[in-house]
A.B. asks: 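Quick one: this structure, given as structure tokens, is what I'll be asking you about.
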Amino acid sequence: MSDSSAEERPSKNFLEEIIDKDLAEGRHSSILTRFPPEPNGYLHIGHAKSISVNFGLAAKYNGATNLRFDDTNPVTESTEYVDSIKNDVKWLGYQWKDEFYASDYFENLFEFAIKLIRDGNAYVDDSTSEEIAKLKGTPTSAGSDSPYRSRTPEENEDLFRRMRAGEFPDGSRIVRAKIDMTSPNMLMRDPVIYRIKHVHHHRTDDKWCIYPTYDFAHGQSDAIENITHSICTLEFMSHREVYNWFIEKLDLFPSQQYEFARLNISYTIMSKRKLLQLVTENHVDGWDDPRMPTLSGLRRRGYTPKSIREFCSRIGVAKRDNLIDVSLLEFCAREDLNKISERRMVVFDPVKVVITNWPEGQVEQLSSENNPEDASTGDRSVPFSREIYIERDDFMEDAPKKYFRLSPGKSVRLKSAYIITCEDFKKDENGTVTEIHCTYHPDSRSGSDTSGIKAKGTLHWVSIDHAIPVEIRDYDRLFTSENLADEEGDFLEYINPDSLNVIQKAYAEPALAEDVPGHHYQFMRKGYYYADKTSSKDKLVFNQTVGLRDTWAKINK
RNA sequence: UGCCCGGUCGUCUAAGGGUAGGACAGCGGUUUUUGGUACCGUAUGUGGGGGUUCGAAUCCUCCCCGGGCAACCA
């Protein structure tokens, strides 16, 4: 293909091609999509993909997207979830056109069912769920008709109205669409469209004791709203036939369903049921535990909406099953964070360094840039004194050739400060280094270095007298298996016991005490960090969003 | 083994009969007062067999592999 034709037809995903065609052929003049969460859990990054697809497509084609809660099963749903979902969608940066609930349509849906019944397209079945399951057949063998299938429309309507009136107990009767018990599609074998549940609904209170099923509610809700493209995940593929059947029999707006492959990420789970289990069984600290793939978890961990949107755009949309490498998510986080994070120095595992030729009691305020990627963030002042902390990792008694940090006789640059040379060190009886003695080179001050000394390594550090204690929470993947779907047995067996590593007392430069909520930081040579929701002036707590790429760790392996 | 989907670098995703490209991951460099960033370079792929065609990832066919479907969940 030539360059010019590539410009004429930039690569599009299959949904964009469908929309192009629909628009070109005049099927629709504009598009309307919807994001239809069930309010029975918190949104996770898989939902972010769906949100990105639905809202992204609408934005691209100058259409709009409705937020519609699929609240047809009051047993598991609640307003807590509704609120968190709305909050998460907004946080991601999307704005819906209208906010609807499937429960807004309960009256319409009831009338639709009446019409089906009157047309001989639905009937009330008194069978038990076991009996229904038995007559349903199997994927390889046809089902057979229920003994109640031939009731008259009059009898069916009477029974259905009495179901609504609360005359019958839960499970005693259901309404089924009369389609085809021999269909190769199991879902077409007279699917249940209404069931009796004498339960309180978070929006309609106790008005209803019968509730429509997903199959009876979703397509009709789409049609009522004039949704042009109803985009869902692959597992709903075989529901499409049912979806179309209702729209046809009820003569509604011809919404069309399209399916894409849901997001899977290595080393994580995306099942709401399993996520809920992690929460209820306290394997994690709530839905917003920073290790959770929930949007609230990612937010608490310090992921930005932008990085998540970028991730969703990079993974693409297609119909084949996929397992996205978690490193792509991390890449997207670093890419954004690198540009917006202010740098700070924090020593996680300190070892004391004494600058023997620095006068006792003398403090020099040095200047350090807040963000080398963004000069507009200016500089901050960092105090330097005779006694400082550096990372224990940054000193080695016997250093290999390629180690260019501190070791006896070697020199390093202290970031934004001076070059120091290691003259001596002390160890305790266990062989642990307790103190390192160095001399500094007065003419090597950062920015005005005339020493001519070449230091290969640069270390972060904090002045002991000025250091403030902070708690650091480092995270690793929540699971030890790359692809949980491939594993046999309980997914809980694959929980990574080392997914949380708390450093109770790390030492930070004083500038960090002025932490502003919502600020993202890069702790130099460590990673990106974000204040936890529990962080306070009295006790600063930071969550690791993602570590810096660590080439040295790789070499060292 | 009934029906429905799907199979392109390790992982995602393009190429719509005409040079298999991009990203992440990997590897190797350059720059660097973060072993970060940035930049440069590099290896790896069309599940298989038959066809159609001057030419096939693309069309046909058979096979293989993966996923979904038997909730009064969504």
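Quick note on labels: first sequence line is chain A, next is B, and so on, each numbered from 1.
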A.B. asks: Provide, to the nearest angstrom, the distance between the CG atom belonging to Asn322(A) and the P atom belonging to rG6(B).
C.D. replies: 15 Å
A.B. asks: With respect to the phosphate group of rA23(B), does any side-chain polar atom (N or O) of Arg314(A) fall under 4.0 Å of OP1 or OP2?
C.D. replies: no
A.B. asks: Among rU8(B), rG35(B), rA74(B), which is the nearest nucleotide to the side chain of Arg320(A)?
C.D. replies: rU8(B)
A.B. asks: Taking the six-membered ring for Trp and the full ring for Phe, Tyr or His, determine whether the centres of His218(A) and Tyr214(A) are under 6.0 Å apart.
C.D. replies: yes
A.B. asks: For His239(A), answer base if it contacts any base atom (sugar-phosphate contacts may also be present), sugar-phosphate if it contacts only those atoms, and nothing otherwise; contact means non-hydrogen atoms under 4.0 Å.
C.D. replies: base
A.B. asks: Counting only distance, no hydrogens or angles, is the base of rG35(B) paired donor-acceptor with the side chain of Arg405(A) under 3.5 Å?
C.D. replies: yes
A.B. asks: Students often get this wrong, so: under 4.0 angstrom with heavy atoms, is Lys272(A) touching a base, only sugar-phosphate, or nothing?
C.D. replies: nothing
A.B. asks: Could one point to a donor on the side chain of Ser446(A) or the base of rU33(B) with an acceptor on the other under 3.5 Å away?
C.D. replies: yes
A.B. asks: Heavy atoms under 4.0 Å, any strand shown: does Tyr194(A) hit a base, just sugar-phosphate, or nothing?
C.D. replies: nothing
A.B. asks: Can you find a donor-acceptor pair, distance only, under 3.5 Å between Arg549(A) side chain and rU37(B) base?
C.D. replies: no
A.B. asks: With heavy atoms under 4.0 Å as the rule, sort Phe69(A) into base, sugar-phosphate or nothing.
C.D. replies: nothing
A.B. asks: If you look at every strand shown and take non-hydrogen atoms under 4.0 Å, does Gly447(A) touch a base, only sugar-phosphate, or nothing?
C.D. replies: base
A.B. asks: Would you mind telling me which of Asp190(A), Leu159(A), Ile117(A) makes a side chain to side chain contact (heavy atoms under 4.5 Å, CB included) with Tyr123(A)?
C.D. replies: Asp190(A)
A.B. asks: So, under a plain 3.5 Å distance rule, would you say the side chain of Glu259(A) forms a donor-acceptor pair with the base of rG68(B)?
C.D. replies: no
A.B. asks: Is there a side-chain contact between Arg525(A) and the phosphate of rG35(B), meaning an N or O under 4.0 Å from OP1 or OP2?
C.D. replies: yes
A.B. asks: Using a 4.0 Å heavy-atom cut-off, does Lys526(A) contact any base of the nucleic acid, only the sugar-phosphate backbone, or nothing at all?
C.D. replies: nothing
A.B. asks: Which part of the nucleic acid, if any, lies within contact of Pro37(A), taking any heavy atom under 4.0 Å across all strands shown: a base, the sugar-phosphate backbone alone, or nothing?
C.D. replies: nothing
A.B. asks: Both distances under 3.5 Å, Watson-Crick or G-U wobble: report the partner of rU11(B), or none.
C.D. replies: rA23(B)
A.B. asks: Are any of Lys319(A)'s side-chain N or O atoms less than 4.0 Å away from OP1 or OP2 of rG7(B)?
C.D. replies: no
A.B. asks: Could you check how far NE2 of His201(A) sits from P of rA74(B), rounded to whole Å?
C.D. replies: 11 Å
A.B. asks: Taking a pair as Watson-Crick or G-U wobble with both distances under 3.5 Å, which nucleotide is matched to rC39(B)?
C.D. replies: rG29(B)
A.B. asks: Does Arg189(A) reach a base, just sugar-phosphate, or nothing at all? Heavy atoms under 4.0 Å.
C.D. replies: nothing
A.B. asks: With a non-hydrogen cut-off below 4.0 angstrom, is Asn185(A) in contact with a base, only sugar-phosphate, or nothing?
C.D. replies: nothing
A.B. asks: Select base, sugar-phosphate, or nothing to describe what Ser127(A) touches, counting heavy atoms under 4.0 Å on all strands.
C.D. replies: base
A.B. asks: Hey, does Ser327(A) reach any base, or is it just sugar-phosphate, or nothing, if we go heavy atoms under 4.0 Å?
C.D. replies: sugar-phosphate
A.B. asks: Is the terminal nitrogen or CZ of Lys197(A) (NZ for Lys, CZ for Arg) located under 6.0 angstrom from the six-membered ring centre of Tyr211(A) and within 45° of that ring's axis?
C.D. replies: no
A.B. asks: Starting at the 5' end of RNA chain B, which residue's closest nucleotide do you reach first, Ala417(A) or Leu548(A)?
C.D. replies: Ala417(A)
A.B. asks: Would you indicate what Leu323(A) reaches in the nucleic acid, counting non-hydrogen atoms under 4.0 angstrom: base, sugar-phosphate, or nothing?
C.D. replies: sugar-phosphate
A.B. asks: Using a cut-off of 4.0 Å on non-hydrogen atoms, how would the nucleic acid contact of Asp449(A) be classed: base, sugar-phosphate, or nothing?
C.D. replies: nothing
A.B. asks: How many whole angstroms separate atom CE of Met270(A) from atom P of rA74(B)?
C.D. replies: 22 Å
A.B. asks: Assess whether one donor atom and one acceptor atom, taken from the side chain of Arg413(A) and the base of rU33(B), lie less than 3.5 Å apart.
C.D. replies: yes
A.B. asks: Here's a test for you: under ring-ring contact (aromatic ring centres under 6.0 Å, His included), which of Tyr507(A), Phe348(A), Phe395(A), Trp461(A) qualifies with Tyr389(A)?
C.D. replies: Tyr507(A)
A.B. asks: For rA70(B), take OP1 and OP2 only and decide whether either is under 4.0 Å from a side-chain N or O of Ser141(A).
C.D. replies: no
A.B. asks: Mind checking Arg445(A) for me? I need base, sugar-phosphate or nothing, with any heavy atom below 4.0 Å counting as a touch.
C.D. replies: base
A.B. asks: Starting from the 5' end of RNA chain B, give me the residue, Asn13(A) or Glu373(A), whose nearest nucleotide shows up first.
C.D. replies: Asn13(A)
A.B. asks: Now, which nucleotide makes the Watson-Crick or G-U wobble pair with rA71(B), with each of the two distances under 3.5 Å?
C.D. replies: none
A.B. asks: Within less than 4.0 Å of OP1 or OP2 of rA15(B), is there a side-chain N or O belonging to Lys12(A)?
C.D. replies: no
A.B. asks: Within less than 4.0 Å of OP1 or OP2 of rA74(B), is there a side-chain N or O belonging to Thr72(A)?
C.D. replies: yes
A.B. asks: Using Watson-Crick or G-U wobble geometry with both distances under 3.5 Å, which nucleotide pairs with rG6(B)?
C.D. replies: rC65(B)
